[in-house]
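Lettering of chains follows the sequences in order, A, B, ..., and the numbering in each one begins at 1. Remember, predicted model here, so these are calculated numbers, not experimental data.
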Amino acid sequence: MPVKTYREAINEALHQAMADDASVIVLGEEVSGGAGCEGSRDAYGGVMGITKGLLPAFGEERVIDTPITESAIIGAAAGAAQTGLRPVAELMFMDFFGVCFDQIYNQAAKFHYMFGGKSQCPMVVRCTTGAGWSAGAQHSQNLTQMVTMVPGLKVVCPTNAYDAKGLMLQAIKDNDCVIFVEDKMLYDTSCEVPDEMYTIPFGEANFYREGSDLTIVAISNPMHKVLAVVDRLAEEGITCDVIDPRTTSPLDEEAILESVETTGKLLLVDEMTPRCGIAADISSIVAEKAFSSLRAPIRKVTAAHSPVPFAPNLEQAWMPGDADIEAAIRELVEYV
Amino acid sequence: MPVKTYREAINEALHQAMADDASVIVLGEEVSGGAGCEGSRDAYGGVMGITKGLLPAFGEERVIDTPITESAIIGAAAGAAQTGLRPVAELMFMDFFGVCFDQIYNQAAKFHYMFGGKSQCPMVVRCTTGAGWSAGAQHSQNLTQMVTMVPGLKVVCPTNAYDAKGLMLQAIKDNDCVIFVEDKMLYDTSCEVPDEMYTIPFGEANFYREGSDLTIVAISNPMHKVLAVVDRLAEEGITCDVIDPRTTSPLDEEAILESVETTGKLLLVDEMTPRCGIAADISSIVAEKAFSSLRAPIRKVTAAHSPVPFAPNLEQAWMPGDADIEAAIRELVEYV
Amino acid sequence: MSTATKQRPEAKKKAPVLDRDQFLKAYRSMRTIRSFEDKISEEFMKGNIPGFLHLYSGQEAAGVGICELLNDDDYVVSTHRGHGHCIAKGGDVIGMMKEIMGKQGGICDGKGGSMHIADFDKGMLGANAIVGGGPPLIVGAALSAKTLGTTQVGVAFGGDGSSNQGTTFEAMNLAVVLKLPAIFFFENNGYGEGTHASYAVGSRDIAGRAAAFGMPAFKVDGTDIFAVTEVCKKAVQHCRDGKGPVTIEASVPRFKGHFEGDPQAYRGENEIETLMKEQDCLVIARKAAIKQKLATAAELDKIDEEVAELMGRATEAGLAAPVPEISELMDNVYSSEY
Amino acid sequence: MSTATKQRPEAKKKAPVLDRDQFLKAYRSMRTIRSFEDKISEEFMKGNIPGFLHLYSGQEAAGVGICELLNDDDYVVSTHRGHGHCIAKGGDVIGMMKEIMGKQGGICDGKGGSMHIADFDKGMLGANAIVGGGPPLIVGAALSAKTLGTTQVGVAFGGDGSSNQGTTFEAMNLAVVLKLPAIFFFENNGYGEGTHASYAVGSRDIAGRAAAFGMPAFKVDGTDIFAVTEVCKKAVQHCRDGKGPVTIEASVPRFKGHFEGDPQAYRGENEIETLMKEQDCLVIARKAAIKQKLATAAELDKIDEEVAELMGRATEAGLAAPVPEISELMDNVYSSEY
Ligand SMILES: Cc1ncc(C[n+]2csc(CCOP(=O)(O)OP(=O)(O)O)c2C)c(N)n1
Ligand SMILES: Cc1ncc(C[n+]2csc(CCOP(=O)(O)OP(=O)(O)O)c2C)c(N)n1
Ligand SMILES: [Mg+2]
Ligand SMILES: [Mg+2]
């Protein structure tokens, strides 16, 4: 099977979905790049290059560059979704929720319910997330929890190229507003990705590893730190269930609960600040629904409760690190 | 001691703080009301009447009516806070975070850290929250978790008039950006409130009741439902620690952990949607830090995972109800 | 050429803005709105309506003027003050009444209420309780029309107050940039809650601000259904011709409080009485129509009676309808599987 | 009256926009910015600077022109492209260099970096990585000035791209409504990332849109320090006189990519070369100053050398400084007890 990067996988999904369904459009800042300029169009194809080649393939009517105007971008996507299109809107960085959040949580998320099921809002909001590039406090935040908490939204956070393609194709087919969270540290990671179209259903976790000492649930890029540590510890005979929920809303509670029922121990890893994050959320679900299986405290390894610092060494210290993950695993394994 | 409503208590705190410190200003939509009109100024004193009388007392330079422009209101407050004033900005409904959230979580919350401690942002954002008025999906949401999760913000959610005054005076003195959450169902509740100025420190929980069977932590208006149920069950000999954190950030973890260490059981009640809410957050802290004391699943009673419905009977069903609270208490008490 | 010269002189006269049938239809719509608002005001006082009500009374000629030029598949998005727009767009009055009462059979299943009234069958994409929430959405609806190659237009209603919200400005700019068939229709009733437009609107000129974004912008007396119609014809045609967005600023009176129960201490002395006497679009329309011989007083009275009868039926239906089943609480949170 | 007639004819000549000292100071500031940007571009290529860099090269006369008219206690808020504004406002170049390198002694303790460069001692309230983040903040700074009764002014820098953001429009409107001493200073460099202003700005007229909000708005050639100074004097005076906000739109070239490393495929052929040849504000300033006999080439060369020396020192200091202690991670999340 061909090996593709996460970037290529999403790009391919967009190409295929647009070819497949004329109602799919892409809009956002620099989704092609070069609008109004003398040089080449499709100059960027998105600042991360995810939408590259869409403009030449599908034209300006379906690949729409916008001014810097996030509320209007998301609102336009929502209005278009209500009236016959399937927009994929790009929010350049997830950090920019703040300049368009009303259109996400008060509008798109609520239409179907608030209007008694008479309106649908089949749209995708793509956004880049995560620290690690020294991009500073306003371009590095993982805010997956801010949308996971919102009823009416679905939230997808793929951790590999295969999932990214299948989940994107599902997101575009879905009739709800889907927030598609792309961790910037993953764009250049790669794995085998089929050429043909396929979908991965929402709410179905992926077991990266299976084991018996501990259940680990990780979100986005930290998953890869977890895998590295777990594989190292496997040599010592420590084995873990490593679960990637793939979508935080809907959440595959069953997979997590079942795993904890066998391992009795749970570690949660994400790159959000600790208060009210996904780690806290899943912890609370398990503490409520699988309490009797628990044989140790539920541990969380998250980012620190501070804005993301700029200096690379501070930023690394801010993020959940390999050492933190390893320490937590050892602590839990040893807990009796 | 004089009895005052929650509304009067906050109003009094604002009057006293403004008289005490000339750098305190109030701004927002309709904070006086009547700007540019032929009729009387101070026509509203805030749509909830909280800022009534401030304009006549302190004048238009310090009690500033604005257009409908939340990003500019909050941004202006933040900019003013950085340059010598102590603004109290009114965000008419907490639901409106969406049209100004960048100025809250990316700006005001981050200045002090991002600029290496060289900037301070001593401001208060007052906002009305909560369901119960059939105000519909966009005027009824309690979004306390959305700000609690943000490092740099402090979040205050008083449950009675006494606390409201003392916490407001503390909020205005505080050098950070404080989100002050006023539950609309509490405005007309009253209790004894001293005439003089006093402050209640942040991060110190209030024990409404003490008991041994169970620890209950509740936020905002649901606290009063909890108290009613607990007092009823006391007649059956069930006794509970009932804890009001008063501020969700900072959170008085110690009080909660200590209580759970003695009761071994925990019920969390709030009116947020369930995912990534305060209930989940506190649950996860306890499951991590007091696991060995736990003798039962950590139960959460929250609002439903849906937008707030309009019809009064649906809205009541959506909110955490007395029956839900009572059932959870009984279930936990009986759990062995 | 010769056929042109054969035209009778009368044919050269400017066609009337509204012909008889068009006028009667518009009049009925305006009356329906007024009666609807009066009725729910009454029921609200009796405690039969929960939540908040923002009534459209006095502004009817504005919403009706534009909506009468739209087809069912043209789109409108509305504001917190949305009953009038919903009725003007042909919305189901009985379903609306049930909705506002929070009952089964409500047009949004009782989930929306007054501030979220909608009728998707009629292209009414919903009232919006966030000031400035609607304009970005209409940009999207207009984008659908453009992308799908139809001649549909989208109208975003907004108040003078909403004209200051950043989302409104963004929507106007984006519509200009993408040359979309969107109409930004501002009903300037002088007030945003209890704050006057003369205070809140920098430059005191909503249309002027819109024009500076690079689109045609018109001001019109929103109490005159004929004037509104005339301006809106141009605007709608401009959009249907693919020439991009248009703004209309209609001055209208607000007869009621910002919300039902508003003590309105900010109003001038006798202000409302004067407005009702001098700026009632229904009175103005009747006079003009009778003068122009478009209709007789008796004909108009008959419409009033028919509307009153309809309101009676709607109210009864609303009162009689059962409240939603609690089991419906979690219905329609998602459209696809969850 | 008689004294007036005694004035010598020369005294009647218009005072020069910048006198010799003022010009030399402005020139030094412009050169400092250019050299700073060149230096960090170099260090970035060597891998000595983490994160993203948006360089100000080419735009110097704009930022310097306005900032030279401000006092330390006047405020500016900047954008992602903030080095120039910080230096123009008198910011500490060595502290900036350390900051951008993420080092101890950085002006924000290494917590901010290029996109959050600030110098609060000089009234530079910070670069802002959210496009449109700054304008509401300057409204607040201007509100402080008004409320506290000072004559301070606040300047919000923004790009052509930022002029389309709702927060920018809201800030302009609120400043008009409250009549605040705020200057909205748009540097129109033609581009928002790789999108041209002629595409993104509805009406293609930033100043015109601002004027429609009800404030004076000027356009100026931002490559000419004299022209910028002249317009800014009016603007600053307008604000200090309590007459409310002003907008300035300065056209400037962007010599570099949107960010360092930007391949700039969207640029026209030879565009940058032409811009650098024809629109270099430093070259233009030198020529004009020598012609007007404000300075000699040798004097200006000497400044260039001094600046180069400073940059060398700053770079060395930056490279030599240690990285922050990990123990500083949780410092300054809160100002008061937490
Ligand atoms: C974002 C937001 N801010 C504030 C409000 C509260 N609010 C509701 S209606 C209104 C006034 C709106 O004025 P205008 O746009 O003139 O409409 P009108 O009420 O006159 O129809 C305000 C401030 C809101 N609903 N949403
Ligand atoms: C809210 C927001 N949207 C998008 C971006 C990404 N972004 C950073 S700079 C920029 C272009 C800004 O253009 P302009 O205002 O003209 O400033 P210039 O870069 O030309 O100085 C964009 C789109 C951002 N940082 N913030
Ligand atoms: Mg109005
Ligand atoms: Mg630019």
Specify which of [options] makes the most heavy-atom pairs with chain B at under 4.5 Å.
options: C:Gln264, C:Arg267, C:Glu99, C:His116; result: C:His116
options: C:Tyr338, C:Phe259, C:Tyr191; result: C:Tyr338
options: C:Glu269, C:Gln165, C:Glu328, C:Glu271; result: C:Gln165

Identify which part of B:Ser40 has an atom lying under 4.5 Å from any heavy atom of chain C, answering side chain, backbone, both or neither.
both
In terms of heavy-atom proximity below 4.5 Å to chain C, should B:Glu29 be classed as side chain, backbone, both, or neither?
neither
Do you know the tightest heavy-atom contact between [X] and [Y]?
X: C:Phe52; Y: B:Ala135; answer: CE1-CB, 3.7 Å
X: C:Pro50; Y: B:Ser134; answer: CB-OG, 3.6 Å
X: C:Met101; Y: B:Phe310; answer: C-CE2, 4.4 Å

Atom pair [atom1]/[atom2] of [X] and [Y] - distance to nearest 0.5 Å:
X: B:Met92; Y: C:Glu193; atom1: CE; atom2: CD; value: 4.0 Å
X: B:Asp95; Y: C:Ile130; atom1: CG; atom2: CD1; value: 6.5 Å
X: C:Glu325; Y: B:Leu314; atom1: CD; atom2: CG; value: 9.5 Å
X: C:Tyr266; Y: B:Ser32; atom1: OH; atom2: OG; value: 13.0 Å
X: B:Trp318; Y: C:Leu329; atom1: CH2; atom2: CG; value: 9.5 Å

With a 6.0 Å cut-off (strictly less than), is the heavy-atom count around CD of B:Glu38, excluding the residue itself, greater than 12?
no
C:Lys46 atom NZ: more than 12 heavy-atom contacts under 6.0 Å
yes
For a 4.5 angstrom cut-off between non-hydrogen side-chain atoms, does C:Thr195 reach B:Pro67?
no
Validation row: B:Cys37, C:Tyr199 side chains within 4.5 angstrom (heavy atoms):
no
Among residues 42-64 of chain B, which ones touch chain C with a heavy-atom distance under 4.5 Å?
B:Ala43, B:Tyr44, B:Val47
Name the region of [X], side chain, backbone, both or neither, that has any atom closer than 4.5 Å to a heavy atom of chain B.
X: C:Phe169; value: neither
X: C:Asn128; value: both
X: C:Ile100; value: backbone

With sequence neighbours excluded, tell me which residues meet side-chain contact (heavy atoms from CB on, under 4.5 Å) with B:Ala280.
A:Asp281, A:Ser284
Would you please name every residue forming a side-chain contact (heavy atoms from CB on, under 4.5 Å) with B:Asn313, sequence neighbours left out?
B:Ala311, C:Val323, C:Pro324, C:Ile326
Option in B:His139, B:Glu315, B:Glu70 with maximal non-hydrogen atom pairs under 4.5 Å from chain C
B:His139
For C:Gly194, is there any backbone N or O sitting under 3.5 Å from a side-chain donor or acceptor partner on B:Glu30?
yes
Determine whether a donor-acceptor pair (N or O, by modelled atom type, separation under 3.5 Å) exists between the side chain of B:Gln138 and the backbone of C:Ala129.
yes
What pairs with C:Glu37 under salt bridge (charged side-chain N to carboxylate O under 4.0 Å, His left out), at least two apart in sequence or on another chain?
none
